[in-house]
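Report on the following structure.
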Amino acid sequence: QLLNVQFFSNNPNIPGNGPEFRQKYTLGNQNIGPVHLDDFVNSLCVVQVMDIPNHIDSIKDFNPKRETELHPLHADITATTLKVVGIATTIEDKARAIYEWICANIAYDTTKQIHDANTCWNTKRGVCQAYCELFCYMAEKVGLTAEMITGKTKKQNGEIQEEGHAWILVYKHEYDAILIDPTWGAGSVNGNKFIRNTDNSLWFDVSPYWMIFSHFPEKKEWTQLDIDITEEQFKNIPFELPQTNSDGKDYLFEKLTPEN
């Protein structure tokens, strides 16, 4: 069964015709047809995949490596992780299974003493770093590469949080990733009490255009945006929760205009 791929890009680093794209990414004799759009906003590569027997999760020669160093993990999490992921096969489904398990089983450490995955696993408590380290290790057990992103976040009143924050990026392929915040997905803190969310869907696979309204990473490539956002712009745009009825691109551009 042939794989019919059509892609368009204004990124000069991506081959501009089918044969070059096929050769670069070792796609064999699949039918590839490029379409270039000069006014396309996203400077990355968008791939439309049709007639695939099951799914394709990554371009074959892409082998991402996590940049952030984690605390050592001594606990054996393999059996539990494999049970959590179950029969999931796609990157999205594996990541979602891990995310939902963490949201349901890890409580926020209101004493703010637990920062590592090992203690988090043993006590089922931790701060954002512990949540994210555990996510990275569980993802690794099922063949995913997750990056722990660090940066700043906003309160709902628009103020920048004094403490830093950590969240997750799961690589899908060289030009795409899933943004996740397992800590915010798990729940919130009221005083010294952790309140678990009944619905954790809001902070999984967040559009980068919505994520930037509340999360500003230390490295600009971690935003997954096709435009650069300065820290000053981040401070000036309002806090917004992710919306499911749009990707937030138009709304972000509206808020970045001078009159706003």
Side-chain angles (χ1 to χ4, degrees), residues 1 3 25-26 47 49 52-109 113-150 165-187 194 196-206 211 222 224:
Q1 187 172 8
L3 175 65
Y25 294 112
T26 322
V47 179
V49 182
I52 307 175
N54 293 307
H55 64 275
I56 183 168
D57 275 331
S58 61
I59 295 176
K60 295 180 182 178
D61 64 351
F62 179 52
N63 186 26
K65 302 294 184 183
R66 184 175 57 246
E67 298 179 25
T68 309
E69 186 175 351
L70 309 179
H71 290 94
L73 176 69
H74 305 293
D76 185 0
I77 67 171
T78 303
T80 299
T81 303
L82 293 178
K83 183 178 180 181
V84 165
V85 171
I87 62 172
T89 55
T90 67
I91 291 174
E92 292 93 333
D93 288 348
K94 290 178 181 179
R96 186 185 297 277
I98 294 169
Y99 169 79
E100 291 181 347
W101 185 89
I102 288 177
C103 288
N105 290 276
I106 306 299
Y108 190 82
D109 174 26
Q113 299 297 310
I114 301 173
H115 298 265
D116 65 288
N118 201 70
T119 310
C120 179
W121 176 265
N122 291 329
T123 64
K124 299 299 184 285
R125 295 166 59 240
V127 298
C128 58
Q129 182 178 356
Y131 272 82
C132 292
E133 285 199 4
L134 182 56
F135 190 106
C136 288
Y137 277 120
M138 293 181 75
E140 193 175 82
K141 293 296 183 183
V142 292
L144 306 185
T145 300
E147 185 70 72
M148 182 173 70
I149 299 175
T150 52
H165 187 56
W167 59 102
I168 290 291
L169 179 151
V170 176
Y171 291 101
K172 293 175 66 179
H173 55 69
E174 192 171 0
Y175 306 107
D176 196 12
I178 303 170
L179 291 172
I180 303 167
D181 191 331
T183 314
W184 285 20
F194 171 70
R196 196 176 303 278
N197 287 336
T198 56
D199 179 6
N200 58 40
S201 61
L202 196 63
W203 294 104
F204 179 83
D205 197 7
V206 183
M211 188 67 100
W222 285 344
Q224 292 293 291

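The structure presented is a predicted model; accordingly, all values stated were derived computationally and were not measured.
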query: Could you give the distance from CG (L134) to CH2 (W121), rounded to the nearest 0.5 Å?
result: 6.5 Å
task: Quick one: pull up CE in M211 and CD in Q224 and give me the separation to the nearest 0.5 Å.
output: 10.5 Å
field: Sidechain-backbone polar pair: D109 side chain, I114 backbone, donor-acceptor under 3.5 Å
entry: yes
- request: Would you indicate whether the side-chain heavy atoms of P72 and N118 approach each other to under 4.5 Å?
  value: no
- prompt: Atom NE2 in H115, atom SG in C120: separation rounded to 0.5 Å?
  reply: 11.5 Å
statement: Between K65 and E147 the two heavy atoms that sit nearest each other are O-OE1, 4.0 Å
task: Indicate the atoms forming the closest heavy-atom contact of A95 with L144, along with that distance.
output: N-CD1, 3.8 Å
message: Checking the side chain of N105 only, and the main-chain atoms of W101 only, is there a donor and an acceptor separated by less than 3.5 Å?
response: yes
field: Under 3.5 Å: donor-acceptor pair, side chain of Y131, backbone of I106
entry: yes
- line: Rounded to the nearest 0.5 Å, the CG atom of D181 sits from the SG atom of C103 at a distance of 8.5 Å
- prompt: Which heavy atom of K94 sits nearest a heavy atom of A88, and at what distance?
  reply: CE-O, 3.7 Å
- prompt: Heavy-atom distance under 4.5 Å between the side chains of T150 and T68, does that happen here?
  reply: no
Closest approach of K172 to I91 (non-hydrogen atoms, all atoms of both residues): O-CD1, 3.5 Å
- request: Give the C-alpha distance, both sets of side-chain angles, the deciding distance and a yes or no for side-chain contact (heavy atoms from CB on, under 4.5 Å) between I168 and Y99.
  value: CA-CA 10 Å; I168 290 291; Y99 169 79; over 6 Å; no
- prompt: Got a sec: does the CD of E67 have more than 12 other heavy atoms crowding it under 6.0 Å?
  reply: yes
- prompt: CH2 of W167 to CG of L179: how many Å apart, nearest 0.5 Å?
  reply: 9.0 Å
V142 side chain near I98 side chain, heavy-atom distance below 4.5 Å: yes
field: Whether H165 and W184 hold their rings parallel, tilted or perpendicular, with breakpoints at 30° and 60°
entry: tilted
statement: dist N197:CG -> L202:CG (nearest 0.5 Å) comes out at 8.5 Å
message: For a 4.5 angstrom cut-off between non-hydrogen side-chain atoms, does K141 reach V85?
response: no
message: If I compare all heavy atoms of Y137 with all of A117, which pair ends up nearest, and what's the gap?
response: CD1-CB, 3.7 Å
statement: For D205 and I180 the tightest heavy-atom approach is N-CG1, 4.0 Å
